[in-house]
Amino acid sequence: MRLRTDWRASVALVGTVLKYLSVPLVLPLVVALIYRDPVVPFVATIALTIAVGEGLERLSPEPDLDIREAMLFVAISWLAVAVVGAVPYVIAGWGTESTLAHPVNALFESMSGFTTTGATVLGEISLERHSHAIMMWRQLTQWLGGMGIIVLMVAILPEIAVSGAQLVESEAPGPELQKLTPRIAETARILWLVYFAFTIVYIAILYGLHLAGAAPNMGLYNAIAHGFTTLPTGGFSPEADSVAAFSAAVQWTAVPFMIIAGTNFALFWHVFSGEGHRFVRNSEFRAYITAIAGLTALLAGMLYVGTAPALAELGGVTEGVFENSLRQSAFQISSLLTSTGYATSDFVDWSSTGKIVLLFAMLVGGCAGSTGGGVKVVRWLIIFKVLRRELFTASHPEVVRPIRLGGNVVDEDAIRGVLGFSFMYLIIFAGATLLIALDVSRASAIANFSPLEAFSASLATIGNIGPGFGHLGPFGSYLDFPVPSKLLMIFLMWIGRLEIIPVLVLFTGGFWTR
């Protein structure tokens, strides 16, 4: 049987990606020098990435990628960077009580970081237990994975940009990539430029709040750390209490930037180019904002109705209840709908109806072309329009009715792709829920483990969301899961970030042979 896919070309380019991964590792190394943390974890990892990268590049001096090689390259690259990203955790935790000393825990944390999931196995998140440098690396992995590692490589490396369109299409979130310029490398640079600019602005605003006295504990380190995880909708925080550790001003500031992160970044480029009308005309963005506003208003009403009367009965002050209810609602809806995963309160203790609203937000997802996870708003729009068309044609079989978005006809192949993705997403999600529940029950690993927690663990990892319910709440941890469940969730985060197809296709015989 003759192999059709040139795996050597794909693996050689993976070596290029690993070699250049040594560059961002310099930042936590600098942080280690500033705070006098151990530098060995980062020096050793930099040496490893360069050595392995150089070795893999020799497999194919002039790699040429077809569609198969492109998908193989993208899938292996994301797995490889997660493995390398785990190395500093293991080295730093060696000989200590850190949970990251275990290779599976380290890989879980690294995959969660690069895929911007935000699920953690850290039993205790604090700068006292983990060094500033390790925590900064943890934050940086999310920023690198937010806009896409391959998109970054296409933007800066000519040897990868040759096959840029196929690579970006395999990695970019959403059913299609909107080209902003004739050359895909220029589009990649534009997307990263917009992403970088918003990150700098957000960091500056956070640090400005600190200097103004509105956020006393938001120093420069925390401002950079949260800037690295808000725009990629990651949700990692060096604080155990997440964004609840900061003032209301910080929480309100985070809301619009999480919404920005869940928006198609191409729209911002059109605004900067003087085409602001595209925002208003974009049907996905309108549905996205409507979902956030509607769910926020609904949840705020629930929280206010449930809180104000109780305070009044106790003679408490109710003037700030409305602001608090609105802030908690806007923050949590924006955080979960965009798959950021930050928290300002422990919603595990909220009412069942409040949890249902949050669960619905988790299912929506961000826009195509954003850093948000989940199914994506555009897919839901297409699914609903297809269902409406089926109901209409059932009574009017002679009518041909195309699906339109924003006035444009959606290609039937694209519709089939959306339906196929959605079906696979639900099947894998349901199967993983069952496997996680069975594994936890078999190992008796978590006391009082409920089906809802297995449901949310599966959804939070394949949707790259992070927090779930019960033990997996916003201040909880995935630490107590058995190793098989952790490995399954690592797989779910991997395929969830690449939107299933580029990974699962590797397991089909037709991918490899003629």
Side-chain angles (χ1 to χ4, degrees), residues 25 28 37-38 40-42 44-45 48 78-142 144-145 229 234-240 242 341 432 435-436 439-440 442-447 449 453-454 456-458 460-462 464-468 470-497:
L25 277 161
D37 295 332
V40 173
F42 304 103
T45 307
L48 177 66
W78 276 85
L79 182 60
V81 296
V83 171
V84 170
V87 174
Y89 297 143
V90 174
I91 296 176
W94 194 264
T96 72
E97 296 181 357
S98 172
T99 57
L100 297 181
H102 193 293
V104 173
N105 287 341
L107 181 58
F108 185 101
E109 200 76 12
S110 180
M111 183 65 80
S112 179
F114 279 108
T115 59
T116 72
T117 302
T120 183
V121 291
L122 293 185
E124 181 182 352
I125 304 175
S126 68
L127 290 174
E128 289 74 27
R129 189 174 182 85
H130 305 279
S131 71
H132 286 78
I134 283 294
M135 297 301 280
M136 183 57 75
W137 172 240
R138 183 172 174 262
Q139 305 297 105
L140 182 58
T141 58
Q142 293 203 322
L144 292 172
T229 56
F236 275 164
S237 173
E239 299 292 336
S242 188
L435 291 175
I436 291 170
D439 187 41
V440 173
R442 174 194 58 82
S444 300
I446 303 175
F449 189 76
E453 288 171 280
S456 63
S458 179
T461 48
I462 194 172
N464 303 132
I465 298 166
H471 294 85
L472 310 178
F475 305 128
S477 168
Y478 288 70
L479 177 62
D480 293 332
F481 278 94
V483 168
S485 288
K486 289 177 184 173
L487 291 173
L488 173 59
M489 287 187 278
I490 289 170
F491 178 74
L492 291 177
M493 289 187 279
W494 180 32
I495 67 172
R497 175 57 182 84

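Here the structure is a predicted model, which is why all the values come from computation and not from measurement.
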So [Y] and [X], do their side chains get closer than 4.5 Å, heavy atoms only?
X: P484; Y: R442; answer: yes
X: T120; Y: S112; answer: no
X: R497; Y: T117; answer: no
X: D37; Y: I134; answer: no
X: I490; Y: L487; answer: yes
X: S458; Y: L492; answer: yes
X: L479; Y: K486; answer: yes

Once you round to the nearest 0.5 Å, how far does [atom1] of [X] lie from [atom2] of [Y]?
X: L107; Y: W494; atom1: CG; atom2: CH2; result: 10.5 Å
X: F236; Y: Q139; atom1: CZ; atom2: CD; result: 7.5 Å
X: S110; Y: W137; atom1: OG; atom2: CH2; result: 7.0 Å
X: I436; Y: F449; atom1: CD1; atom2: CZ; result: 7.0 Å

>> In this structure, is the centre-to-centre distance between the rings of F108 and Y89 below 6.0 Å?
In response: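 Y89 vs F108: aromatic centres not under 6.0 Å.
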Tell me the closest heavy-atom pair linking [X] and [Y], and the distance in Å.
X: G145; Y: W78; answer: O-CH2, 3.5 Å
X: L472; Y: E453; answer: CD1-O, 3.6 Å
X: F114; Y: G85; answer: CE1-CA, 4.0 Å
X: F42; Y: P88; answer: CE2-CB, 4.0 Å
X: P467; Y: P474; answer: CB-CA, 3.9 Å

> What's the verdict on side-chain contact (heavy atoms from CB on, under 4.5 Å) for L488 and F481, showing C-alpha distance, side-chain angles and the deciding distance?
Replying inline: CA-CA 11 Å; L488 173 59; F481 278 94; over 6 Å; no
>> Using side-chain contact (heavy atoms from CB on, under 4.5 Å), reason through L100 and V90 one step at a time and then give a plain yes or no.
In response: CA-CA 6 Å; L100 297 181; V90 174; over 6 Å; no
So, does [X] use its side chain to make a donor-acceptor pair with the main chain of [Y] at under 3.5 Å?
X: D439; Y: S485; answer: yes
X: E109; Y: A86; answer: no
X: Y478; Y: N105; answer: no

>> Please determine whether side-chain contact (heavy atoms from CB on, under 4.5 Å) holds for the pair H132 and M135, giving the CA-CA distance in whole Å, both sets of side-chain angles, and the decisive distance to 0.1 Å.
In response: CA-CA 5 Å; H132 286 78; M135 297 301 280; 6.0 Å; no
> Can a donor-acceptor pair be found between the side chains of S98 and T96 at a distance below 3.5 Å?
Replying inline: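 No donor-acceptor contact under 3.5 Å links the two side chains.
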> Regarding T116 and N464, is there a side-chain donor-to-acceptor distance under 3.5 Å anywhere?
Replying inline: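 No, N464 and T116 have no side-chain donor paired with an acceptor closer than 3.5 Å.
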> Between L79 and M111, does a side-chain contact (heavy atoms from CB on, under 4.5 Å) hold up when you go through it step by step?
Replying inline: CA-CA 8 Å; L79 182 60; M111 183 65 80; 4.0 Å; yes
